[in-house]
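Quick notes on the structure that follows.
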Amino acid sequence: MRKGLSSFNLVSAALGLAFLYLPIAILVIYSFNASRLVTVWGGWSLAWYRELLADGAMLESAWVSVRVALVSATAATILGTLAAVALARGGRFRGRLLFTGLLYAPLVMPEVITGLALLLLFVAIGLDRGFWTITIAHTSVTLCFVAVVVESRLLTFDRSLEEAAMDLGAPPLRSFLLVILPLIWPAIAAGFLLAFTLSLDDLVIASFTTGPGATTLPIRIYSEVRLGVKPEINAICTLMIVLVALGVIAAAVLNRGRASRRAEAVDLTAKL
Amino acid sequence: MRRVFPPACSILPTLRRFLAGLSFDNYAALGSDRLYLAAYLKSLEVAAFSTLMLLALGYPFAYAMARAPRRLQAMLVMLVVLPFWTSFLIRVYAWINILQRDGLFNQMLLALGIVEEPVGWLSTNTAVYIGIVYSYFPFMVLPLYAALEKIEVSLHEAAADLGAPPWKAFWRITVPLSRPGIVAGSLLCFIPIVGEFVIPDLLGGSATLMIGQTLWTEFFANRDWPIASAVAVVLLCLLIVPILIYQHRQAREIEQGG
Amino acid sequence: MVERAQPIKPRLGPKRDFAPWADPAASPLVRFERVAKRFGAISAVGRLSLDIFAGEFFALLGPSGCGKTTLLRLLAGFETPDEGRILLEGADLAGMPPYRRPTNMMFQSYALFPHLSVERNIAFGLEQERMPKPQIAARVEEMLALVKLEGFARRKPDRLSGGERQRVALARALAKRPKALLLDEPMAALDKKLRAETQFELIELQAKLGTTFVIVTHDQEEAMILADRMAVMERGRIVQVGTPAEIYEQPSSRYVADFVGDVNLLEGRLTATGASESLVHGNGGVQLRIAQPVDAAPGALVWVALRPEKVRIGLERPTEARENALAGTVVDVGYLGNLSVYKVRLDDGALMTATLSNRTRLVERTIGWNDRVWLSWPPEAAIVLTR
């Protein structure tokens, strides 16, 4: 692609970024508003954060969300990595294309369909709805994302690396552990992070598969938001934004110095 | 030969009993109520228009990204990805803040003298479109950028060398070569938007009843699981062709080595 | 596990009288016995037999897709033969996975582990053998010295040049002292100048170590420079095995003659063949005499193969000859510096090439475009091909 920005390019880039960030910035700023009226600026204050800390139900939901996200992201990372390795390295086994297709479908499937389908499955096999059904549902959806991220990383390096390891005397499992795993590690970490945030953010699938005593943070926020804007919600949203931004930036910093960092970021996201 | 399955004679009655229990009444109900049809059509309409808008807004942005210096590109990608990692719900909620009756948007319009009195932006089509375009922007930009970024400098130079002015080179070289990105980005936006629930529910009004909301209402408010399932199945049928196209393209891309 | 080769012993002197293939009592290091390999409907290697002897530098030469890389991968254990056997020192390799075979491979892409330093790359194979640490360190040092990369031990592969990477790959593959080193297009990624240097370094290295080298290449010049013997392959079969001189001077078929070097092919009918001579009636009506018997009946369709550098080109009709002389018009002259190449359109329409080495500084070309010229050669210059 030709380098160099025309003024038109600069304007579109600036407008695009403003469009992306202004609403979030406004939300963050208003979370420090002293006024109870969401729209009137009453000076800086941490009042809503204090109120948030006193809101037991909100904190409890946050705790549920974090637990669901941790468990499901861990499971999804393991299963997704295995699937990716099978797809990228298993050769042309029968039904490979179908398997690839099945892995990609949930990436674009409307969440209402996935949520309802998973719920019906849980009902059919008689699973009590609650923490574990949400966790299983999130695992099954996010593992596809992990698989896609890890697979695209696996495909960026030469197959002969494993052959070289074997040629030098490392049996298959050892060559995977010594050569492949260290190389796909950043992708696995990114996959975990992605699965974790997707799970933390999900409203629709969690709403379908939840049960008594398992109200996740998005479900709680959604029910509050339906009743109108509250500064306390601004505060919790700000906290979530900061948390996620820190995680993503940390991941980016960890990966710094790798030649293919930008390509990786594109790969990672263009596939989603 | 060993038999793994029971003989056919015992399967058939079971199957027959199972089939007898099935009914298409729910689908008939879908067909007879105009509400469902209207919701399906509205969803397709909203998805189609917002995909076009996303393309119109996303393309110049992705193009600017691809032309930026290398170091800046990495940062721009990061900046586009970052909102994508933050919660969908939060991003929609941010717009409620802005679009409400005494929100910033109206305050700005009043201050500029564009409107005389506050406009009710919430619960309108406009709000839904704003929310969708905002939320899906990264999904459109990133595939476009990935395709644009691959186009080699020498192609533009060759086009210029052969006498094509910049706009013609753009139209005849850049646009056709970025087609994979256009298709991927459009599918990546169109398919989930059709089934979108959160955005029309929080930002839209009764005028923008989309099928995702209908399904949600049938399931959560009316507790009518069979109808909700029928709604979902019909939605899936509507989307199966674009989903298959998307799957096929991705699988092929993977086959070609990522 | 098969025993590793003995520690490296420098061989004395150049490989002058080295010809184990000519010794009927010698047993080969590697033997392919009617080996076949198919990928789906495509036959990559078809019932092929080949012996490679210890200490040989052996080249597998052929165009891409001829099955030469598959043959190498069969030996390394990455592919399993559908038919036939592969023997190493008389022992069948069937069922032995790549990580147990006493052969090592140098990959076309080098396949250096990007997350490991140069020394860890070289040590990788030794660590798999659970060699004690001090011994590993010593061996790594020895290998680095061998490929002249002392001081690069702690670098990561992405901070090496193409030539340095190639040498790390070589050192890594040699570190385990394999019985045979397999090289898959080892110079494909190097530029021409570096390639020429590396080729001579490889010859030197191989002579010094005495390890059997099996190289796969599509570059006939490279094969001829490097190899003691080479096998020319076509569509999964070996069409000729021999020393570079044998292949060049006595190609067994038009395919080999054409693939290895440039050649003029004159079609004709065999008219007579004796103990030391044959006569061919060329299509242009000319009589061709060749100092070689031909294994075909008179009247058979044959081709007379003639290397361009063996053709004399002159403005005058050669005095002695009604044989081995053809008239034509120069249609192209190429000046290559050391050589001049003449393309001559014969009177019967065929095109022939003659090269002249430019022994003196070229001031004025004596032969130029559109000149009428005579091409001639002695009977010993050409050979007759029946295939």
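Heavy-atom basis, side chains included; hydrogens, waters and symmetry copies ignored.
- Here the side chain of S61(A) pairs a donor or acceptor atom with the backbone of T215(A) at under 3.5 angstrom.
- Of the atoms belonging to L116(A), it is side-chain heavy atoms, and not backbone ones, that fall under 4.5 Å from chain B.
- Heavy atoms closer than 4.5 Å to chain B are found in the side chain of I26(A), but not in its backbone.
- Residue with the most contacts toward chain B among P23(A), P110(A), S12(A): P23(A) (heavy-atom pairs, distance under 4.5 Å).
- Proximity to chain B (any heavy atom under 4.5 Å) is restricted, for L119(A), to the side chain, taken from C-beta onward.
- Per-residue counts of heavy-atom pairs under 4.5 Å with chain B were compared for L203(A), V204(A), L200(A); the largest is that of V204(A).
- Contacts of V11(A) with chain B are absent, with no heavy-atom separation under 4.5 Å from either backbone or side chain.
- F196(A) and F192(A) have parallel rings, their planes meeting at less than 30° on a 0 to 90° scale where 60° marks the start of perpendicular.
- With hydrogens and angles disregarded, a donor-acceptor distance shorter than 3.5 Å links the side chain of R153(A) to the backbone of L183(A).
- Annotation: maximal heavy-atom pairing with chain A below 4.5 Å, among F190(B), F197(B), W216(B), occurs at W216(B).
- Both the backbone and the side chain of S207(A) come within less than 4.5 Å of a heavy atom of chain B.
- Of the residues considered (F219(B), F137(B), W95(B)), F219(B) shows the highest number of contacts with chain A, using heavy-atom pairs under 4.5 Å.
- For V133(B), the parts lying under 4.5 angstrom from a heavy atom of chain A are both the backbone and the side chain.
- Ring to ring, Y63(B) and Y145(B) are not that close: their centroids are 6.0 angstrom or more apart.
- Contacts between L120(A) and chain B at a heavy-atom distance below 4.5 Å involve the side chain alone, from C-beta outward.
- Classified by interplanar angle (parallel below 30°, tilted 30° to 60°, perpendicular above 60°), the ring pair Y59(B)/F170(B) is perpendicular.
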